[in-house]
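The model shown is predicted, which means the values in this text are computed figures rather than measured ones. So you know, we letter chains A, B, ... as the sequences are listed, proteins then strands, and number each from 1.
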Amino acid sequence: MQISAKPTSMRNTYGDTLVKLGATHKNLVVLDADLAKSTQTARFGKAYPDRFFDMGIAEQDLMGTAAGLAASGMSVFASTFAMFGSGRPWEQIRNSICYPNLPVKIAVTHAGISVGEDGPTHQACEDIAIMRAIPNMKVIAPADSVEAEKIVEYLADYYDSPVYLRLARMNTPVVFDSNYKFEFGKGIIAEQGRDVTVISTGVMLFKALEAHKLLASDGISAEIIHMPSIKPVDAKMILESAGKTRNVITIEEHSIIGGLGSAVCEVLAENLPARVKRIGMTDRFAESGEPEALFKKYGLTGNNIASEAKKLLNR
Amino acid sequence: MDEITVIGSINIDFMVKTERMPERGETVAGDNFYILPGGKGANQAVAIARLGKKVNFVAKKGKDQFADTAMKNLNHPNINLEYMINDEALSTGVALVNTTGQKGNKVTWFTGANDKLTPAEIDRAEEAIKRSKAVVVCTEIPIPTIKRALELAQKYKVKTVMNVGNAGTKHREEIKEVLRGLDIVIMNEREGGYLTNRLISHMETGSLAGNELRKLGVNHVIITMGKEGTLLVNEHGSTVFHGYGVEVKDTVGGGDAFVGAVACAIADGKFVIDAIDYGNAAGAIVTQSIGAQEGLPDKAQLDAFLKEHHKAGGSYKKYTDTIKMLENTALNMRINIIKMLGCACSGHPGGSLSAADIVAVLYKHVMKIDPKNPKWEERDRFVLSKGHAAPALYTALAEAGFIKEEELWNLRKIDGDLSGHPDMKKTPGVDMTTGSLGQGLSIANGMALAAKLQKKDSRVYVMLGDGEIQEGQIWEAAMSTYTRRLDNVCAVLDYNGLQIDGSIGQVKSGLEPVVEKWKAFNWNVIEIDGHNIEAIMEAFEEAKKVKGIPTIIIARTIKGKGVSFMERKVEYHGAAPNEAETEKALNELGGCRCK
């Protein structure tokens, strides 16, 4: 799989896709909590001021209002930063959205440490864990803007459950093309391999693809799986790949507790015990800094994936 | 023969009957043209004379070609024209009437001589007034003249009846001034609306207007509302009298026949409710023919009409019946709340009992709902933000017919449909899942926003607990309701003063001043006694009329209301009654334990 030279912004894509959908989906409404210019929902607000509601700095109210709109049949996207869209209103999401199974699309941006300079107060690295734990909730993290667009389009017509859509602040290399098709519970084999399985989610796909190249140059065949749907996770694909390689690495811009790594381990431990190395934030807070510098310091790099793979394989 | 003095107007009516009213700038061809005698005073005088009373008619007409026509029916043996004034310098009042038959009429009026009837001319009739059993005035003559007439009547303790017309164009404030000490004021819903500056569209708004007028010192306010019936507002509350449902040819004169008949009944010493029935019958008869005076019944006709219709069960139904019905609903709910909590052995009686009256009024009177179609998209919604009062909601759903009463005994039971806190996925009629405090107002806002976007006139009701509004999210939401100008949101604060750990003030001071807090958040605030059914009904009605901002009803309630040993006791916030307590509570409420 090729990585494009020019990274693009999935936030911009998110805003533009909402604008596009607004024309065809008259019941589409978008809410934000005073971060519309950052999440890019302001683009929708400009195009459809009657269907855009800035709730102010009030995330609990944001989620409650979204629940009420969804209960009355609207297609609702509620946006803010991942930190404030998962942590602050967690209980509202659990009790007023997930328990009554109201199809609110919680689309958050600025997830993970790639938020960068704003520092740990704004770096949501626990959100997948706490969202994944709530019944009815589905959790998705796209890798690039093409995938983000397809997912947002898919969600506009999705009413079966609440969804947590995790987007990044940083510009990301484009790996998918317009043939991409999203499906809940389906992973994507980005590269086939036989020695080690590398499973990534969100923007970490391009790091996994870097590792694929590095490992290949050392004669190691890595199977690269992208898992946009963290819940439900693609257990079948995980088991098939691990059955072949017996060695699995997970990489996510999130704590190794409760995120993709945990989801993969849960599948393997109950069905096909295999050696697993989880790469992510290791039960600690990060710090301010440029995204790439943070990735490097906290081990979210192609090099680190490759070196952990070699350790697993005793090479 | 009993005498009644009528002091009022005399007109000539030029009437055209059309299929419908012309719009602005439009000409509509009429079917027929009539020149008929009219004027409220003259019509009422003729009505009373035909019903067998002697009438002293005090009015002023001009000397012109129409004067004789105006007098046509007044030359009746029962009518004393001694106080009738002809002023050669003036012209007789003229009314240009456009009638459409059943769809009502519109009148353009030239006051003419009516406007020149003076207080001194009333003084001439002092003896007649003194002899009378009732004095009838209408507002188509000058206010000082009315004042003088009423003063004289009151001086001799004669019953007074005033008919309001023309309030929209003239002396609205002056009319209000003469209400003090008046026995009966009669008006149609349009005139009542002008007087009180509100839109009277149905009985509830009529009741609000009636009560407002009563505050100005009139004893009985009667508002005639066409097909809706007639509304009486007096010290006993509001009473609705349904009309006789006869076929209407021409509504002109219906009101005056009503006034005349009411005056006759009052002169006979009848109760006001019976007088209204008499008036409704006279009105029904006169609207079956064209013109204000032509079809006026005599006493024999009216008695026959009443006899015939009363065989079929009488004409009126009381608004007070609605109140009684709602009181019964709330009582049943309280009995069932105790029973279901007794069965469940856990739950929250205190806050359910405090909320029962309000929830009863919502589900049985206020909300637009369809128990056969709980998910009806056009419905009003109710969010019980203080979800622990679920028994109040469930019992109301049973009363309204969403669920069967026997299902109530499965409260909090495994595999049951009645969760400990409301669950929209389990219980038909529950609009929102609640239980975690502080979240309901945001949700109500979302529903109200959706209704506005979907161009539906659904309203969203949300009940908050007084302890609950310690949650910060409530105030986030309160700002949003105003920001979005969600006037289709109506919140109710169940202000029972207690929360689990103690009294509201003890646990966390700062709830008061609660009215000012909501006002400071730009909400319309209505304060009521949350156990007074009529007050609750009126508050919801008033909330509907407030446009542009949301309304919160601060309902002062008693925790545990209705069960003496639970009232104002914090212990019963979250403790269900045991077997002995259940028995005792049901004895007090008048329910039996048997399920």
S.K.: Could you check which of B/M447, B/Q454, B/K456, B/Q439 has the highest count of heavy-atom pairs closer than 4.5 Å to chain A?
M.R.: B/Q439

S.K.: Give the minimum heavy-atom separation between A/S96 and B/M432, together with the two atoms involved.
M.R.: O-CE, 3.4 Å

S.K.: Taking OH in A/Y159 as the centre, count heavy atoms belonging to other residues, nucleotides or ligands within less than 6.0 Å. Is the count above 12?
M.R.: yes

S.K.: Look at the side chain of A/Q60 and the backbone N and O of B/Q473, then say whether any donor-acceptor pair between them is shorter than 3.5 Å.
M.R.: no

S.K.: With only heavy atoms counted, which part of B/S419 is less than 4.5 Å from chain A, the side chain, the backbone, both or neither?
M.R.: side chain

S.K.: Given a strict heavy-atom distance threshold of 4.5 Å, which part of B/L453 is in contact with chain A: side chain, backbone, both, or neither?
M.R.: side chain

S.K.: How close do A/L69 and B/G446 get, heavy atom to heavy atom, and via which atoms?
M.R.: CD2-O, 3.3 Å

S.K.: Would you say the side-chain atoms of A/E91 pair up with the backbone N or O of B/S436, donor to acceptor, closer than 3.5 Å?
M.R.: no

S.K.: Take atom CZ in B/R484; do more than 12 heavy atoms of anything else shown fall under 6.0 Å from it?
M.R.: yes

S.K.: Can you see whether A/D61 engages B/S442 through a side-chain donor-acceptor pair at a distance of less than 3.5 angstrom?
M.R.: yes

S.K.: Taking atom CD of A/E270 as the centre, report whether more than 12 heavy atoms of other residues, nucleotides or ligands fall under 6.0 Å from it.
M.R.: no

S.K.: In terms of heavy-atom proximity below 4.5 Å to chain B, should A/N101 be classed as side chain, backbone, both, or neither?
M.R.: both

S.K.: Checking heavy atoms, do the side chain of A/V29, its backbone, both or neither come under 4.5 Å from chain B?
M.R.: side chain

S.K.: Answer yes or no: are there more than 12 heavy-atom neighbours, outside A/E266 itself, under 6.0 Å from its atom CD?
M.R.: yes

S.K.: Does atom NZ of B/K413 have more than 12 heavy-atom neighbours, drawn from other residues, nucleotides or ligands, at distances under 6.0 Å?
M.R.: yes

S.K.: Within a radius of less than 6.0 Å around NZ of B/K375, do more than 12 heavy atoms belonging to other residues, nucleotides or ligands occur?
M.R.: yes

S.K.: Nearest heavy-atom pair of B/K425 and A/P100: which atoms, and what distance?
M.R.: CE-O, 2.5 Å

S.K.: Which bit of A/L102 comes within less than 4.5 Å of chain B, counting heavy atoms only: side chain, backbone, both or neither?
M.R.: side chain

S.K.: Distance check, rounded to the nearest 0.5 Å: B/I443 atom CD1 versus A/I97 atom CD1?
M.R.: 8.5 Å

S.K.: Looking at every heavy atom in both A/N95 and B/T433, which two are closest together, and how far apart are they?
M.R.: O-CG2, 4.3 Å

S.K.: Are more than 12 heavy atoms, taken from residues, nucleotides or ligands other than B/K404, located less than 6.0 Å from that residue's NZ atom?
M.R.: no

S.K.: Evaluate whether atom NZ of B/K508 has more than 12 neighbouring non-hydrogen atoms of other residues, nucleotides or ligands under 6.0 angstrom away.
M.R.: no

